[in-house]
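The figures that follow rest on heavy atoms only: side chains count, while hydrogens, waters and symmetry mates do not. Order of listing sets the numbers, starting from 1, for every ligand and every atom in it.
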Amino acid sequence: MSAHPRLRVAALASGRGSNLQALIDARDAGALPVDFVLVASDKPHAPALRRAEEAGIATLALDPKSYANRAAYDADLFSRIAAAKPDLIVLAGFMRILDAAAIAPWRGRMLNIHPSLLPKYPGLRTHARALEARDREHGASVHFVTDELDGGPVIAQVRIETRGDDTPESLAARLLPREHELLVATLAWVAERRIALTAEGIVFDGALLAAPLDLDDRRQRVR
Ligand code: GRF
């Protein structure tokens, strides 16, 4: 059992919400000492919102079309998130670029999962780009969010091999369950207060990380 108060988490998701579901399932299994205080979306019909409702989590849908511009939307979104008093925000498939001013107060307290081995392939079409480049390995990264798109300090990654007959779809399908594991593990480390972003970089178990953690390196799993 963790000696820390349960981490209060808000999640943002635009789509099907399989990463969100993995977090909810891990919490329900007792493997993730967090409380979800809010799930918010820019898409009122996002399956992610339905998953949150089914899990009894408060939801918020804000449609960007009702706002004059990105800054106005993000200011409202993040003030509503702040009202739920999360310790941490998780971007779990939130498909919008965020306004720098809105996210600045959350530096070191906002994570994103991205389906590539960052710094490779920020942005979209990551699986297709990895195959086009004939990369022998692909993967996913969890990183702290900064105002650079998919560019913040990387906490942890998971790697998979590509195959000669892979399509972007087959590669994405093989990666997805590993993404879920990566996000759950990383959030658990944060909830156990093992990870922090400092001015020098990411600190894990009291030591500065020289490179992102590797999910499959078992030495990092035990303490
Ligand atoms: C995932 O591949 C995630 O890495 C990316 O968007 C996708 C979201 O999938 N940022 P889901 O909505 O969690 O199922």
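The pair Arg51-Glu54 does not count as a salt bridge, with every side-chain nitrogen at least 4.0 angstrom from each carboxylate oxygen. Here Arg8 does not pair with Asp87 in a salt bridge; the nearest charged N to carboxylate O distance is not below 4.0 Å.
Counting heavy-atom neighbours within 6.0 Å of Leu208 CG, excluding the residue itself, gives a total above 12.
Asp135 and Thr162 share no donor-acceptor pair across their side chains, judged by distance under 3.5 Å alone. Checked by atom type, the side-chain pair Ser18/His180 shows a donor-acceptor distance below 3.5 Å. Of the N and O atoms on the side chains of His143 and His114, not one donor lies less than 3.5 Å from an acceptor on the other residue.
In terms of protein heavy-atom proximity, atom 9 (O) of ligand 1 is closest to Arg16 NH2, 3.4 Å. When hydrogens are left out, the protein atom nearest atom 10 (N) of ligand 1 is Ile113 O, 3.1 Å; that is the closest non-hydrogen contact. Scanning all protein heavy atoms for the shortest distance to atom 6 (O) of ligand 1 gives Gly93 CA, 3.7 Å. Of all protein heavy atoms, the one lying nearest to atom 5 (C) of ligand 1 is Pro115 CD, 3.8 Å. Counting protein heavy atoms only, atom 3 (C) of ligand 1 is closest to Glu179 OE1, 3.3 Å.
No heavy atom of Ala48 sits closer than 4.0 Å to any atom of ligand 1. Contact annotation: Gly17 has at least one heavy atom less than 4.0 Å from an atom of ligand 1.
The shortest N or O to N or O distance between Asn112 and ligand 1 is not under 3.5 Å.
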